Every structure is written in structure tokens, then in C-alpha cells.
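To keep things clear, I will list the structure first and then write my remarks on it.
Side chains included, hydrogens not; waters and symmetry mates left out as well; all remaining heavy atoms used. These numbers come from a predicted model, not from an experiment.
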Amino acid sequence: MLRWILFSIFYILITLYGFQAIRTITKNLWIHYVFIAIAVIVAGNLIIQFGFGSAGRVLSPIKSYAFGFVLSFMLFNLVMIVFLFGEDVVRFFMGLHSKFFSTKETFHMPSRRKFVSGLAVGVAAIPFASMLYGMYKGKYNYKVIRHTLYFDDLPEAFDGYKMTHISDIHTGSFDNRQEVEHAVNMVKEQKSDIILFTGDLVNNRSLELLPWKDLFSELKARDGVFSVLGNHDYGDYIDWNSAAEKEQNLEELKTLQKDMGYDLLLNENRFIERNGQRIALLGVENWGIGGFKKAGDLKKAAEDVQPNDFKILMTHDPSHWDEVVINDDYHYHLTLSGHTHGMQFGIEIPGWVKWSPIKYKYKHWAGIYKEMGQYINVNRGFGYLGFPGRVGIWPEITVIELKKRSEKEMA
């Protein structure tokens with residue numbers, strides 16, 4: 001209850017403050033009424049969906065949209081407040097100057113300037129429109145991102161080996177089958193040697209996968225489709241009637257993946273062989289810093305893997321790479337992760353800018369990184385969660401080609 005009270009107070013304050021810009025720009029009462037009506041409807045829908053809606057804390061598409069519209073409207077007001085507050089500071093000091101250095105005896109702040117309010121609304125409309133676009137189209141604006149990585153010790157039989165990496169499907173959030181079918185076809189069109197999925201197939205419950213099971217079962221590759229679990233796959237974020245029910249949900253999800261033809265690696269490894277040579281593929285359960293589950297066991301996953309084997313590791317959370325993998329006695333040539341979603345919000349211009357607020361929490365949050373001679377690719381995510389959209393950080397299908405560096409190139 002306390003959080004709802006605090007939210008309501010904050011929401012009302014920023015809405016009233018933002019309303020000042022609307023009232024300064026126009027005296028048309030109908031526009032004033034429309035602004036207030038939108039504020040009430042957006043907040044009311046959020047309270048209804050989360051306070052009285054079904055399914056507890058499960059983020060259904062309806063709840064996600066309620067959250068998305070509130071977030072968008074609040075952002076609109078917050079951007080306006082930046083301008084209005086700046087002007088209010090100027091107006092305040094102008095009032096002080098007038099009181100102490102003019103013949104007026106009373107304190108009087110100058111009126112708001114229509115130009116500043118108009119500028120505030122105009123600038124605020126840009127992120128507001130972007131958020132609405134992100135919910136309408138951005139979340140399905142799939143991009144194929146390609147990387148070619150060179151290794152000195154890659155077995156020759158795997159020179160040119162092509163992998164497709166996807167992550168964070170979150171089937172429980174999808175609301176447009178046609179768009180998702182298009183994305184699955186994009187994955188199939190890559191014709192990679194192997195497909196690797198790094199966790200979060202559902203939001204909370206295994207049944208979220210059922211309407212999409214047939215579609216994602218279509219993903220096939222010469223050397224197979226492999227997967228690991230992400231933090232959301234364990235069902236840790238909702239209330240269960242019993243521990244047994246929660247465990248059953250996880251077992252059902254494991255079975256569904258097996259039925260789909262996915263080889264789920266639970267702190268295990270597999271060897272991919274070609275022409276008498278091999279690479280090791282390892283997959284661990286979720287391991288993340290902070291309050292996230294730490295079920296990943298790298299040592300167990302590496303059983304029977306030799307130090308000189310070429311190793312590819314699948315681990316959902318990139319913080320595992322930072323905290324454990326990169327400092328392990330074994331050299332993990334390439335690690336594949338997801339989890340961050342790139343926060344589904346940011347600015348990316350390849351070769352120029354790559355920014356998202358998530359960078360202040362995760363050192364490695366999107367794309368390829370190299371440290372201590374080891375690579376990690378953090379996939380921006382196939383699906384979405386919470387905010388039902390993406391702005392600037394688009395859903396990703398990663399294609400990685402492994403190349404052996406020749407002695408000439410090494411020189």
C-alpha cells in the first residue's frame with residue numbers, strides 16, 4: 001500500500017507541474033481537460049491492472065502495456081519539468097532582484113514565458129513519441145548483427161564455423177504472432193551450423209511457452225540447437241502454492257525444451273566434432289551478481305573438457321563472465337550471454353555511439369567485448385519484458401563466424 005501512496009503522490013506532482021506548460025501554451029479548456037483525462041486514465045488503468053488484476057505479479061501483455069503507458073506519460077512530464085524548473089529558477093531570482101533592487105516592496109515572480117513552455121512540450125514530445133513507437137513497432141524491429149572473430153588456436157576444421165546466438169525470448173510477453181514468425185524465419189535464413197540460446201524462454205511460467213512451442217521448434221541446425229536457463233526460467237518472481245508446484249513448473253519447462261529439440265545444458269558440456277577435431281560447448285545454469293540465482297557451476301560444466309580444447313561457454317548473465325569465468329584457470333575463448341536486454345532503451349549508432357542506462361549496472365551489456373584474450377557476446381535480447389517495447393536498442397539475432405588466424409596474420 002505504501003508504494004502505491006508514494007507513486008500516487010509523485011505521479012500527481014509531476015503531472016500538475018507538467019500541466020503548467022500546457023496551460024501556458026493554450027487557454028483552450030478542452031485541451032486542458034484532455035490532458036487531465038489522459039493522466040487519470042493512464043494511472044487508473046495501472047492501478048486496476050496491478051492492484052486488482054488477475055495472475056498476481058505475472059506480467060501479462062495487458063499489465064505490460066499499462067506500465068508502458070504510465071512510463072511514457074511520466075517521461076513526457078519529466079522532460080517538460082527540466083525546462084519548467086530551469087525557468088522557475090530564473091523567475092525566482094528575477095523576483096528577488098525586483099524586490100531588493102526596484103521600488104516594488106512585494107516579491108513578485110514574472111509570468112511563465114509561452115516560448116519556454118512551448119519548447120518544453122516540443123522537446124518532451126520526442127521521447128514520448130519514441131516510447132509509443134517502441135511499443136507499437138520497436139519491439140519487433142529485429143536486427144541481424146554479424147561478427148567475425150579470429151582465434152590462433154581454433155581447430156582448422158572449424159575455420160568459418162557459423163553460429164546463431166539468440167537470448168531472452170520471453171514468450172509470455174509476445175502479442176503479435178506474425179511479427180514473431182518473421183523473426184523466427186530470420187533466424188532460419190542464417191543457415192548457421194549451430195543455434196545457441198542463452199536463457200529466459202519464459203517470463204515466469206512454463207505454460208507461457210505453449211502457444212509458441214510449435215514455432216520455436218522450427219529452429220534447426222546441422223549441429224543442433226542448444227540452450228541454458230535464465231533467471232526468469234526458474235519461476236522465482238511469482239508466488240507459488242508450494243515449492244513442489246514451482247519445481248514442477250521448472251521440470252515442465254525442461255521437458256518442453258527437450259520436446260522442441262533443444263539440448264538444454266545444465267552445468268554440462270557437449271563436444272562438436274568435425275574431421276577428427278573438436279570444440280567444447282559448455283552451458284551453465286543461471287549465475288548473476290546481486291540477488292540473482294547462483295546455480296551455475298563452471299567446474300562441473302567443464303568436467304572432461306581439456307585445457308587445450310577450444311571452448312565456447314553459454315551463461316545467461318554477463319556478470320558471471322566478469323566475476324568468475326574470465327579469471328578461471330581454463331581459457332574460455334568465447335562466452336555467450338544475454339540478460340541485460342540493453343535495457344530496451346538507449347541510443348546506438350554503429351561506430352559512433354552506444355549508450356543505455358544499463359551500462360551503469362553492467363560493465364558488459366551489449367555486443368562483443370574482449371579482455372585477457374577472451375571474448376564475450378552479450379545479446380540484446382530477442383523479446384522484451386516489463387516495458388512492452390524497445391527504443392533505440394532493437395531485438396537482436398547475432399551471427400558469429402569463427403575464423404582461424406593464419407601465421408601470416410599473426411606476424
Side-chain angles (χ1 to χ4, degrees), residues 59-61 64-65 67-68 71-72 127 130-147 163-190 192 195-203 208-209 211-213 215-216 218-219 225 227-228 230-233 262 314 316-318 336-350 353-359 362 364-368 376-400:
L59 273 176
S60 64
S64 294
Y65 274 108
F67 171 71
L71 191 64
S72 301
S130 298
M131 296 286 278
L132 295 181
Y133 172 81
M135 289 191 286
Y136 175 61
K137 279 289 187 182
K139 61 189 177 187
Y140 295 127
N141 186 22
Y142 294 95
K143 302 294 182 184
V144 177
I145 299 179
R146 305 180 188 278
H147 302 285
M163 307 180 298
T164 291
H165 173 205
I166 56 176
S167 192
D168 300 88
I169 292 176
H170 287 289
T171 50
S173 297
F174 290 144
D175 58 7
N176 189 319
R177 189 173 185 88
Q178 184 176 357
E179 293 284 7
V180 179
E181 286 177 351
H182 173 68
V184 169
N185 287 332
M186 290 175 68
V187 176
K188 292 158 63 175
E189 288 168 2
Q190 306 313 310
S192 291
I195 297 175
L196 305 173
F197 169 65
T198 50
D200 277 2
L201 188 54
V202 297
N203 295 345
E208 297 167 8
L209 176 59
W212 307 95
K213 177 186 173 184
L215 180 58
F216 285 96
E218 296 178 10
L219 296 180
V225 180
S227 62
V228 295
N231 56 299
H232 279 270
D233 295 322
Y262 292 16
M314 302 167 64
H316 178 70
D317 192 319
L336 304 176
S337 297
H339 181 62
T340 71
H341 296 207
M343 203 173 171
Q344 298 169 209
F345 178 86
I347 301 172
E348 277 201 90
I349 303 175
V353 178
K354 186 173 80 172
W355 177 87
S356 168
I358 199 68
K359 69 175 293 184
Y362 289 95
H364 305 100
W365 59 275
I368 291 284
I376 183 172
N377 180 65
V378 184
N379 185 282
R380 294 161 179 82
F382 187 94
Y384 53 91
L385 181 70
F387 173 61
R390 284 179 176 265
V391 179
I393 306 293
W394 311 121
E396 174 181 353
I397 299 164
T398 315
V399 177
I400 300 174

Item to check | Geometric class of the F174/F216 ring pair [parallel <30°, tilted 30-60°, perpendicular >60°] | outcome: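 Parallel: the ring planes of F216 and F174 meet at under 30°.
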Any idea which heavy atoms bring [X] and [Y] closest together, and the distance?
{"X": "G342", "Y": "I393", "result": "O-CG1, 3.6 Å"}
{"X": "G138", "Y": "P395", "result": "O-CD, 3.5 Å"}
{"X": "T171", "Y": "E208", "result": "OG1-O, 3.5 Å"}
{"X": "G68", "Y": "P388", "result": "CA-CD, 3.8 Å"}
{"X": "G199", "Y": "F197", "result": "O-CZ, 3.3 Å"}
{"X": "F387", "Y": "R390", "result": "CE2-N, 4.0 Å"}

Does any part of the side chain of [Y], heavy atoms only, come nearer than 4.5 Å to the side chain of [X], both counted from C-beta?
{"X": "K143", "Y": "M186", "value": "no"}
{"X": "V180", "Y": "Q178", "value": "no"}
{"X": "P357", "Y": "F345", "value": "yes"}
{"X": "V391", "Y": "Q344", "value": "no"}
{"X": "I195", "Y": "Y262", "value": "no"}
{"X": "V399", "Y": "V144", "value": "yes"}
{"X": "V187", "Y": "I166", "value": "yes"}
{"X": "T340", "Y": "V378", "value": "yes"}

Checklist entry - Under 6.0 Å between ring centres, would you say that holds for Y140 and H182? => result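 Y140 vs H182: aromatic centres not under 6.0 Å.
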Nearest 0.5 Å, what's the [atom1]-[atom2] distance between [X] and [Y]?
{"X": "T198", "Y": "F382", "atom1": "OG1", "atom2": "CZ", "answer": "12.5 Å"}
{"X": "L336", "Y": "H316", "atom1": "CG", "atom2": "NE2", "answer": "13.0 Å"}
{"X": "I169", "Y": "D200", "atom1": "CD1", "atom2": "CG", "answer": "10.0 Å"}
{"X": "N379", "Y": "H165", "atom1": "CG", "atom2": "NE2", "answer": "4.5 Å"}
{"X": "N377", "Y": "M163", "atom1": "CG", "atom2": "CE", "answer": "8.5 Å"}

Item to check | Trace of the side chain to side chain contact (heavy atoms under 4.5 Å, CB included) decision for L385 with S173 | outcome: CA-CA 6 Å; L385 181 70; S173 297; 4.1 Å; yes
Item to check | Ion pair K137/E179, N-O distance below 4.0 Å | outcome: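 Salt bridge present between K137 and E179.
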Checklist entry - Under a 4.0 Å N-O cut-off, is there an ion pair linking E348 with R380? => result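 A salt bridge is present here (some side-chain N lies under 4.0 Å from a carboxylate O).
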Side-chain donor-acceptor pair under 3.5 Å between [X] and [Y], yes or no?
{"X": "E396", "Y": "T398", "answer": "yes"}
{"X": "H339", "Y": "D168", "answer": "no"}
{"X": "N203", "Y": "H170", "answer": "yes"}

Next on the checklist: Could you tell me if K139 sits above the aromatic ring of W394, with its cationic atom closer than 6.0 Å to the ring centre and no more than 45 degrees from the axis?
Outcome noted: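 Output no; distance or angle outside limits.
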Checklist entry - Under the side chain to side chain contact (heavy atoms under 4.5 Å, CB included) criterion, do S64 and M135 qualify, and how do the steps go? => result CA-CA 10 Å; S64 294; M135 289 191 286; over 6 Å; no
Checklist entry - Is it true that a side-chain atom of D233 and a backbone atom of L201 form a donor plus acceptor pair closer than 3.5 Å? => result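 Looks like yes, one N/O pair under 3.5 Å.
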Checklist entry - Run the side chain to side chain contact (heavy atoms under 4.5 Å, CB included) check on I376 and S337 step by step: do they pass? => result CA-CA 7 Å; I376 183 172; S337 297; 3.8 Å; yes
Checklist entry - Can T164 and I397 be said to form a side chain to side chain contact (heavy atoms under 4.5 Å, CB included), step by step? => result CA-CA 7 Å; T164 291; I397 299 164; 3.9 Å; yes
